[in-house]
Amino acid sequence: MTNSRLFFTEKLLEWNRETNTRSMPWKGEKDPYRIWLSEIILQQTRVEQGLPYYQNFIKNYPDAKKLASAPEEEVFRLWQGLGYYARCKNMLAAAREIADTYQGKFPAQYDQIKALKGIGPYTAAAVASFAFNLPYAVLDGNVYRVLSRFFGIETPIDSTAGKKEFGDLAQELLPHDQSAAYNQSIMDFGAVVCKPQQPLCNECPLNKKCAARQQQLISVLPVKSKKLQIKKRYFNYFIVHYKDNIYIRKRTASDIWQNLHEFILLETSTPLDFEALQQTDGFRQIFGNTRFEFEGVGKPGKQQLTHQTIFSQFISLSVKQPLPATDYMAVPAASLNNYAFPKTITAFLQQRHLQLF
DNA sequence: AATTCGGGGGT
DNA sequence: ACCCCAGAATT
């Protein structure tokens, strides 16, 4: 252990004891189920955004067995709006694994924890340290930022080499007798003091030995090598009424919003109005020769995702005969709130209640 | 090793 | 616009 590393760990723990006031409902929590649930919800998600979901899940499913036996659609409804829906699917799979293989008792060994669906290196270390005080250092966005700045490491954090370098360093810095407190400290410190923008360097207890501060690298650390490309997509949704039913389906393709539902979708590579849409093959495949009556259009939607921009329009139609389209099902309009929908559709549904077609 | 998976908030 | 968020699974 070098001097600066001892200094780092000691000052961090001291900051946590004396200055850290960040409070969260699962802090100090020892129930591994609750810790796990909070960690799954908080993957790539801000505490403020995830908090109400956490409360709701704990209330509805107080333990792993309850979650494991819950109806899948009900669980997705609770997850609706939180994003990254694979987390929900994997969470259910993990809960069932805990119920079946471990009799509902959360496994206490790192390798067992890590083997559960949806649990990667970060979450395994978090649960192992917080619930069982096992010596595994967490490596999340906060840790990357704090370590890269204090130690002046310019290796890109989104590279294989970076993951190993930062992971090894984080593990070396971990005081094995205080893994829970230390892991909590470094993440809180990154969130409160060593923030992405406008970090509080003047009041930082580490500033004397911070390499980024000494070398004026605060704004360039941590380094990320990849830049993402954003695609534009045009989702034309048809809300087709048949008697009191509306056609929907569950999205299953390897694409966004897996396991969520949607109306009849005609995706186009360019924006098209209703008249132009009717001339496409896709439209004819859906409607065939079925006569339809135009009911109205909803407010156009625009949703910004990480890798794509979704432009959506909503066109309401009514038919007097069932549609030939087979992969959609006609469900009672009043039952729509039993299904989980992506944000762009729930926004439309809310809008529609005000307008009424 | 690179890509893809949401949605919200800050700048 | 762009970045970031208690990352993980898939390709």
Side-chain angles (χ1 to χ4, degrees), chain A residues 22 24-27 29 35-54 76 79-91 93-94 113-130 136-146 156-164 166-167 170 180 183-192 194-199 219-220 222-231 233 251 253-260 301-310 340-347:
Chain A
R22 196 184 194 207
M24 293 173 288
W26 47 83
K27 206 183 253 193
E29 179 64 59
I35 294 170
W36 163 71
L37 189 55
S38 73
E39 296 299 347
I40 299 298
I41 288 175
L42 288 164
Q43 286 167 7
Q44 291 293 285
T45 304
R46 294 171 181 279
V47 171
E48 310 82 65
Q49 187 187 1
L51 185 52
Y53 286 86
Y54 172 78
F76 270 93
W79 196 277
Q80 174 179 279
L82 192 55
Y84 283 169
Y85 298 93
R87 288 185 293 171
C88 185
K89 182 186 173 71
N90 290 330
M91 174 185 71
I113 298 169
K114 172 79 164 58
L116 293 169
K117 297 286 187 199
I119 297 189
Y122 164 78
T123 305
V127 174
S129 65
F130 294 146
Y136 293 89
V138 294
L139 189 58
D140 77 333
N142 292 303
V143 178
Y144 278 119
R145 185 171 58 255
V146 173
I157 63 173
D158 54 354
S159 65
T160 304
K163 288 190 178 93
K164 172 161 175 44
F166 285 98
N183 279 337
Q184 192 66 63
S185 301
I186 192 167
M187 288 194 287
D188 283 349
F189 184 80
V192 175
C194 198
K195 300 181 293 182
Q197 286 104 14
Q198 302 172 14
S219 61
V220 306
V223 173
K224 268 192 169 178
S225 57
K226 304 179 182 73
K227 45 183 177 282
L228 54 86
Q229 284 200 335
I230 300 178
K231 297 176 245 174
R233 301 174 72 179
R251 290 178 62 90
S254 56
D255 195 355
I256 57 173
W257 302 332
Q258 257 188 73
N259 294 297
L260 271 60
K302 177 185 176 184
Q303 191 179 14
Q304 188 62 53
L305 307 182
T306 304
H307 288 84
Q308 43 193 297
T309 308
I310 309 293
F341 294 98
K343 192 75 175 179
T344 195
I345 288 182
T346 56

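Reminder, nothing fancy here: chain letters follow the sequence lines and each chain counts from 1. Everything numeric here is computed off the predicted structure, so don't read it as measured data.
- With hydrogens and angles ignored, a donor-acceptor pair under 3.5 angstrom links the side chain of T45(A) to the base of dG6(B).
- Across the protein-nucleic acid pair, K224(A) atom NZ and dA2(B) atom C1' stand 14 Å apart, rounded to whole Å.
- Heavy-atom distances to DNA chain C give each of G118(A) and S38(A) a nearest nucleotide, and the one nearer the 5′ end belongs to S38(A).
- On a pure distance criterion of 3.5 Å, no polar donor-acceptor pair joins the side chain of Q197(A) and the base of dG10(B).
- Heavy atoms of T160(A) sit under 4.0 angstrom from primed sugar atoms or phosphate atoms, though from no base atom.
- The CG-P distance, from L51(A) to dG9(B), rounds to 13 Å in whole Å.
- Q303(A) comes within 4.0 angstrom of the backbone, heavy atoms only, and of no base.
- Ion pairing of D158(A) with K163(A) is absent here, as no side-chain N (NZ or NE/NH1/NH2) approaches a carboxylate O to less than 4.0 Å.
- Side chains of F130(A) and K27(A) form no contact here, defined as non-hydrogen atoms less than 4.5 Å apart.
- Centroid-to-centroid, the aromatic rings of W26(A) and Y54(A) come within less than 6.0 Å.
- In this structure, Q43(A) places its CD atom 15 Å from C1' of dT4(B), rounding to the nearest Å.
- Per the geometry, CZ belonging to R46(A) stands 12 Å off P belonging to dG8(B), to the nearest Å.
- Straight-line distance from the CD atom of Q44(A) to the P atom of dG6(B): 12 Å, rounded to whole Å.
- To the nearest angstrom, C1' of dG7(B) lies 12 Å from CD1 of I256(A).
- Rounded to whole Å, atom P of dG6(B) lies 10 Å from atom CZ of R233(A).
- Along DNA chain C, read 5' to 3', the first and last nucleotides having any atom under 4.0 Å from a heavy atom of chain A are dC4(C) to dA9(C).
- Nucleic acid contact for L82(A): base, since at least one base atom lies under 4.0 Å from a heavy atom of the residue.
- Between the side chain of R22(A) and the backbone N or O of V192(A) there is no donor-acceptor pair closer than 3.5 Å.
- Among the atoms of the strands shown, base atoms are found under 4.0 Å from some heavy atom of W26(A).
- Within the nucleic acid shown, D188(A) comes within 4.0 Å of at least one base atom, counting heavy atoms only.
- Across all strands, G81(A) comes closer than 4.0 Å only to sugar-phosphate atoms, never to a base (heavy-atom distances).
- Side chains of E39(A) and T123(A): a donor-acceptor N/O pair is absent below 3.5 angstrom, by distance only.
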Verdict with reasoning, N142(A) to R145(A), per side chain to side chain donor-acceptor pair (under 3.5 Å): CA-CA 5 Å; N142(A) 292 303; R145(A) 185 171 58 255; 2.8 Å; yes

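- Within 4.0 Å (heavy atoms only), N90(A) reaches sugar-phosphate atoms of the nucleic acid but no base atom.
- Residues T346(A) and Q80(A) meet the side-chain proximity criterion, which asks for heavy atoms closer than 4.5 Å.
- As a whole-Å value, the separation of Q304(A) CD from dG7(B) P is 12 Å.
- Look at the P atom in both dT11(C) and dG6(B): the space between them is 14 Å, to the nearest Å.
- The backbone N or O of K89(A) sits nowhere less than 3.5 Å from a side-chain atom of Q258(A) that would complete a donor-acceptor pair.
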